[in-house]
Amino acid sequence: MSIATENDSSSAPSKFQMIADGEATAILPTGGKQKPITVIGTEAIRATFDDLCLQQAINSRLAPGVTDLVLNPDAHCGYGAPVGCVMVSPTHIYPGPVGVDIKCSMSLLQTSLPADAILDRPTRRALINAICERTPTGAGRGQRNAPKSRHVGEALGKRVLVEGASRGVCEELGIPPEWAARCEDSAHVGHDDSTGALALRLEQLLPQMHRFDAKMTQLGSYGGGNHFGECEVVHVEANDRAREAARVFGLVDGGVAFLSHCGSRGIGHQLASGQFKALQGKFTQWDIPLPGGDRELVYAPLGTPEADAYIDDMALGANFATVNHLLINALVLEAFQEVLPGVAGQLVYFISHNIARKEVVNNNIAWVHRKGATRAFPAGHHALRDTPFAETGHPILLPGNPQAGSVVMAADAGAAVSCYSVNHGAGRQLGRKAAKRALDQKEVDRSFEEADILTNCRAYPIDEAPAAYKDFDEVLRSVKSAGLASEVARLKAKFVIKDGDQADD
DNA sequence: ATGTGC
């Protein structure tokens, strides 16, 4: 990146001094007495941050009520705030640093299968087909092409939004209720910490909602873009701590697991965009200055009706995303059982990277907005008391790419420096248009063939090719050398489900 | 990311 000192007479807003503090943690000063931005990333990774991304980080840091801003190694331009940042405020809520896909998340299902059960290609092809019959991909398509999906009507859909993964909702959908204990948050509550607020808000919203029933039928679907399902072979790291964490997480070395990435689909998008429009309207109406002049950084002070409405809508969308993931995992397990009778499965964890949560930061209760960032509570963290992960830290699920692999990590005590957060994956290196220009379809498809990774696509979406993403090992080096988290296991893809040009069989 | 397609 370009580096200029704060005293640079040009004082161009796109250039900032970067003071290295060790190899992997740098500081981006914001002037005055405010705490600087914490930047996680090796020198090579810091060079990938473009000026707009850094400007978004500065705008976010200087925005009203914000006390901490962390920029992660996978950071790139986002909606107001960079994708790959953590923003903390004890006084304000910000929709931008949650984003349009409320509670976009990762989940991991450990099966009882050994890797050799899925070595042959016909078995993997049968699994791909069985999964695609249950969990459709693509925008707007809902359940149309998935004859064996669940059909969720309006009444159950409303319960999903209000209750999240309650016992009743899990039972209705055939989700093992014990999976709720393997969720970062199995249910989100309203602005007054009650579900009643959510029920009221939903009734208020319903008359204006377009095709609510159709959005509820999207429960158990992947969507498009960077969302995916991926069958993995688990390789646990060869050290005592990793082995113990793997045991607690329920990971089986040399076993088959299934990794999913998706969010809140159409309903989350509708709730988020409705909130952006409503808040942008208020800022215009009241002529309030926008942080950095950016309409995407609108906010609401806590305690106002605007903040209450946003928190409620975020919770409704988040609850859909949670149940969506749990249902996908139940349907994927059902697909495995159809092809390989007798296989069992356990949810390892479900964890978000687009959500705002109330947490204790610097001895204060604050809203921690993680936009393309993953919560990382280490062993001994007070919030993990009475959970299975009190002595290991909770599982952190980080997708890399199908060819470089993905990882399961556990936080280290050093994660305090990043408000107990790590990145959410590799991060884009090429924009979608640039990827389509720079990469060759045949080469991309051949690279999957050479790696013996099957896909449901006749042509893999080129803007999602591994080469469109940053070097995952360099990203992981940033996380580890900053002392944030340690690797527990590597996941190697054997087949991938993506929204793309679908194969015939 | 999504789709009452900005």
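By convention in this document, chain letters (A, B, ...) are assigned in the order of the sequence lines, proteins followed by strands, and residues within each chain are numbered from 1.
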Nearest whole Å is fine: how far is [N] [atom2] from [X] [atom1]?
{"X": "Lys277(A)", "N": "dC6(B)", "atom1": "NZ", "atom2": "P", "answer": "8 Å"}
{"X": "Arg295(A)", "N": "dC6(B)", "atom1": "CZ", "atom2": "C1'", "answer": "13 Å"}
{"X": "Met216(A)", "N": "dT2(B)", "atom1": "CE", "atom2": "C1'", "answer": "14 Å"}
{"X": "Leu271(A)", "N": "dT2(B)", "atom1": "CG", "atom2": "P", "answer": "14 Å"}
{"X": "His269(A)", "N": "dC6(B)", "atom1": "NE2", "atom2": "C1'", "answer": "10 Å"}
{"X": "Tyr79(A)", "N": "dA1(B)", "atom1": "OH", "atom2": "P", "answer": "15 Å"}
{"X": "His261(A)", "N": "dA1(B)", "atom1": "NE2", "atom2": "P", "answer": "7 Å"}
{"X": "Phe276(A)", "N": "dT2(B)", "atom1": "CZ", "atom2": "P", "answer": "15 Å"}

Residue mapping more 5' on DNA chain B - nearest nucleotide basis, Met209(A) or Arg428(A):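 In this pair, the answer is Arg428(A).
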Near-ring test Tyr299(A)/Phe283(A), centroid separation under 6.0 angstrom: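 That pair passes the under 6.0 Å test.
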Close aromatic pair by centroid cut-off 6.0 Å: His424(A) and His261(A):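 Centroid separation for His424(A) and His261(A): 6.0 Å or greater.
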By ring-ring contact (aromatic ring centres under 6.0 Å, His included) - contacts of Phe448(A) (at least two apart):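 With neighbours one apart ignored, the set is Tyr460(A).
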Sugar-phosphate only, base, or nothing, as touched by Gly266(A) at under 4.0 Å among non-hydrogen atoms: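 Counting heavy atoms under 4.0 Å across all strands, the contact made by Gly266(A) is with sugar-phosphate only.
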Ignoring backbone atoms, establish whether [X] has a side-chain N or O less than 4.0 Å from OP1 or OP2 of [N].
{"X": "His227(A)", "N": "dT2(B)", "value": "yes"}
{"X": "Gln208(A)", "N": "dT4(B)", "value": "no"}
{"X": "Arg211(A)", "N": "dG3(B)", "value": "no"}

Per Gln218(A) side chain, nearest of listed nucleotides dG3(B), dA1(B), dT4(B):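 Within the option list, the nearest is dG3(B).
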Note, Lys282(A) side chain near Ile288(A) side chain (heavy atom, < 4.5 Å):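 No. Closest side-chain heavy atoms not under 4.5 Å.
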Short side-chain donor-acceptor distance under 3.5 Å, Asp51(A) and Gln55(A):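 No, no side-chain donor-acceptor contact under 3.5 Å.
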